[in-house]
Amino acid sequence: MKIEAVILREIRMPLVSFFETSFGRTEMRRILLVEVKSDGASGWSEVTCGETPFYSHETPDTARPILQDFAVPMVLGKSFEHPSELPVMMKLIRGHEMAKASIENAVWDLQARQAGQPLWKFIGGTRTELPCGVSIGIKNTVEDLLEAIEREVAAGYQRIKIKIKPGWDVRVLERVRKQFPGILLMGDANSAYTLSDLEHLKSFDQFDLMMLEQPLWYDDIYLHARLQKEIRTAVCLDEAIHHARDAQQAIEIGACRIINVKLGRVGGFTSARQVHDVTQQAGIPVWCGGMLESGIGRAHNIAMSTLENFSLPGDVSASKRYWKEDIIEPEVTVSSRGTITPPSAPGLGFEIKTGLIRSLTVWEQELRAATQAG
Ligand code: OSB
Ligand code: MG
């Protein structure tokens with residue numbers, strides 16, 4: 001196949017409530033959508049970066065020129081058979097995994113549609129009911145947090161993750177555990193601690209957390225291994241894992257017992273499947289992380305979560321937790337058991353609301369392959 005055109009669009013979508021992590025608060029999302037066209041069909045994806053370079057180096061304003069000037073020209077009008085060839089075609093681009101992933105993932109959607117298969121089956125997924133958790137941000141008060149947890153537990157979510165940072169950790173975890181002694185609970189620090197906090201981090205062991213996500217530096221694997229040896233709680237790496245070699249290295253040195261896989265952070269479905277395979281081989285469970293995605297990124301996350309080793313509840317939850325109106329139809333819903341059923345329609349398996357997308361679009365560019373004579 002050949003990609004004939006790529007349309008980049010930036011949409012703005014306000015979150016229904018703010019989301020705060022150790023690195024800051026998000027209220028308005030700026031999301032770059034990618035539409036690839038070939039043979040009368042379209043494939044869709046989103047660039048899963050944040051608005052600021054505080055989670056990773058990528059933002060909409062870095063992804064846009066990387067796509068326009070490098071990634072899209074490397075694939076536009078070039079022949080290939082399968083989306084797994086795209087990482088090789090774009091391999092000169094170092095880093096910028098989320099930008100590259102957006103091209104590859106849109107092509108996976110397109111080819112799955114052309115094959116008349118749901119994307120999750122097309123990538124080799126087998127799970128037909130996905131366990132869901134929620135990620136709850138830092139709130140103005142502990143009471144607000146307890147209320148939010150109450151609501152999500154009542155909705156059926158199987159695992160609660162709370163964001164933590166120095167000053168919003170032990171005191172908060174004590175209150176949460178007191179009110180919810182039996183829930184599956186975890187903390188995500190987004191790199192807010194250092195090894196000089198070792199004694200403090202050890203004290204988290206009393207809360208029986210399912211895991212502690214990326215407590216140390218965003219780019220570190222080695223020192224997490226030192227930490228893991230000292231604490232009983234399982235360390236889960238998020239920010240530090242960009243490909244299967246990172247996962248392999250982290251596992252070999254004992255830096256974590258669980259890995260959060262984000263489809264954009266690892267560079268797309270080909271890399272995600274490689275991370276899946278090395279973790280599965282090593283007996284390390286994984287789960288699907290979230291980046292406050294619109295329905296399009298959410299649908300990709302659902303597909304990835306059907307791979308066998310995604311055995312723990314992910315951060316993929318209902319559209320209505322984020323959006324007044326999502327850009328896909330139907331919206332993502334979660335059963336009262338806290339599960340998502342992957343769709344049966346071809347490709348992403350959800351309709352794209354192109355009219356709504358048009359009304360949310362603040363910038364758009366179409367890139368076309370040079371037309372060949374004959
Ligand atoms: O660390 O997992 C994270 C959101 C933005 C950036 C980083 C993270 C998150 C989340 C939210 O935890 C997950 C979601 O609900 O999409
Ligand atoms: Mg995280």
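All of these numbers come straight from a predicted model, not from anything done at the bench. Start at 1 and go down the list; that is how both ligands and their atoms are numbered.
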Run the contact test for D238 against ligand 1 with a 4.0 Å cut-off on heavy atoms, strictly below, and give the result.
->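 Contact check D238 vs ligand 1: positive.
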Going by heavy atoms, is E213 under 4.0 Å from ligand 1?
->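 Yes; E213 lies near enough to ligand 1 that a heavy-atom distance drops under 4.0 Å.
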Report yes if some N/O of [X] lies less than 3.5 Å from some N/O of ligand 1; otherwise report no.
| X | answer |
| --- | --- |
| S317 | no |
| T21 | no |
| K161 | yes |
| Y322 | yes |
| K262 | yes |

Residue pairs involving residues 288-302 (criterion side-chain hydrogen bond (donor to acceptor under 3.5 Å, both in side chains); sequence neighbours excluded) =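 Pairs touching residues 288-302 that pass the test: E46-S294, E293-N301.
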Name the closest protein heavy atom to [atom], giving the residue it belongs to and the distance to 0.1 Å.
| atom | answer |
| --- | --- |
| atom 11 (C) of ligand 1 | F19 CZ, 3.5 Å |
| atom 16 (O) of ligand 1 | L292 N, 2.9 Å |
| atom 5 (C) of ligand 1 | M291 SD, 4.1 Å |

Going by chain and residue number, what protein N/O/S atoms come nearer than 2.8 Å to the Mg ion (ligand 2)?
->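 Within the sphere that stays under 2.8 Å of the Mg ion (ligand 2), the protein atoms of type N, O or S are D188 OD2, E213 OE2, D238 OD2.
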From the options G290, G137, S135, select the one whose nearest heavy atom is closest to atom 9 (C) of ligand 1.
->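 The option holding the nearest heavy atom is G290.
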Does the side chain of [Y] come within less than 4.5 Å of [X]'s, by heavy atoms?
| X | Y | result |
| --- | --- | --- |
| W287 | M186 | yes |
| I352 | I296 | yes |
| T126 | T306 | no |

Should we count [atom1] of [X] as having more than 12 external heavy atoms under 6.0 Å?
| X | atom1 | answer |
| --- | --- | --- |
| R177 | CZ | yes |
| F70 | CZ | no |
| Y222 | OH | no |

Side chain, backbone, both or neither: the part of [X] lying under 4.0 Å from ligand 1 by heavy atom:
| X | value |
| --- | --- |
| T26 | neither |
| V134 | neither |
| N190 | side chain |

Quick one: which ligand 1 atoms are inside 4.0 Å of a heavy atom on K163?
->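 The list of qualifying atoms is 1 (O), 2 (O), 3 (C), 8 (C), 9 (C), 10 (C), 12 (O).
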Looking at L195 and R226, what are the two nearest heavy atoms and their distance?
->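 Closest approach of L195 to R226, heavy atoms only: CD1-NH1, 4.0 Å.
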Shortest non-hydrogen contact between I340 and V316, atoms and distance |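 Result for this residue pair: CD1-O, 3.7 Å.
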Among residues two or more places apart or on two chains, list those pairs meeting salt bridge (charged side-chain N to carboxylate O under 4.0 Å, His left out) that have a residue in residues 127-136.
->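 Only E129-R337 qualify under salt bridge (charged side-chain N to carboxylate O under 4.0 Å, His left out).
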Are T361 and E10 close enough that a side-chain donor and a side-chain acceptor fall under 3.5 Å?
->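 The answer is no; no qualifying pair exists.
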With sequence neighbours left out, write down each residue that passes salt bridge (charged side-chain N to carboxylate O under 4.0 Å, His left out) with E143, or none if nothing qualifies.
->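 Expected list: R175.
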Check for a donor-acceptor pair, side chain of D197 on one end and backbone N or O of Y193 on the other, with a separation under 3.5 Å.
->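 Checking the backbone N and O of Y193 against the side chain of D197, no donor-acceptor pair under 3.5 Å is found.
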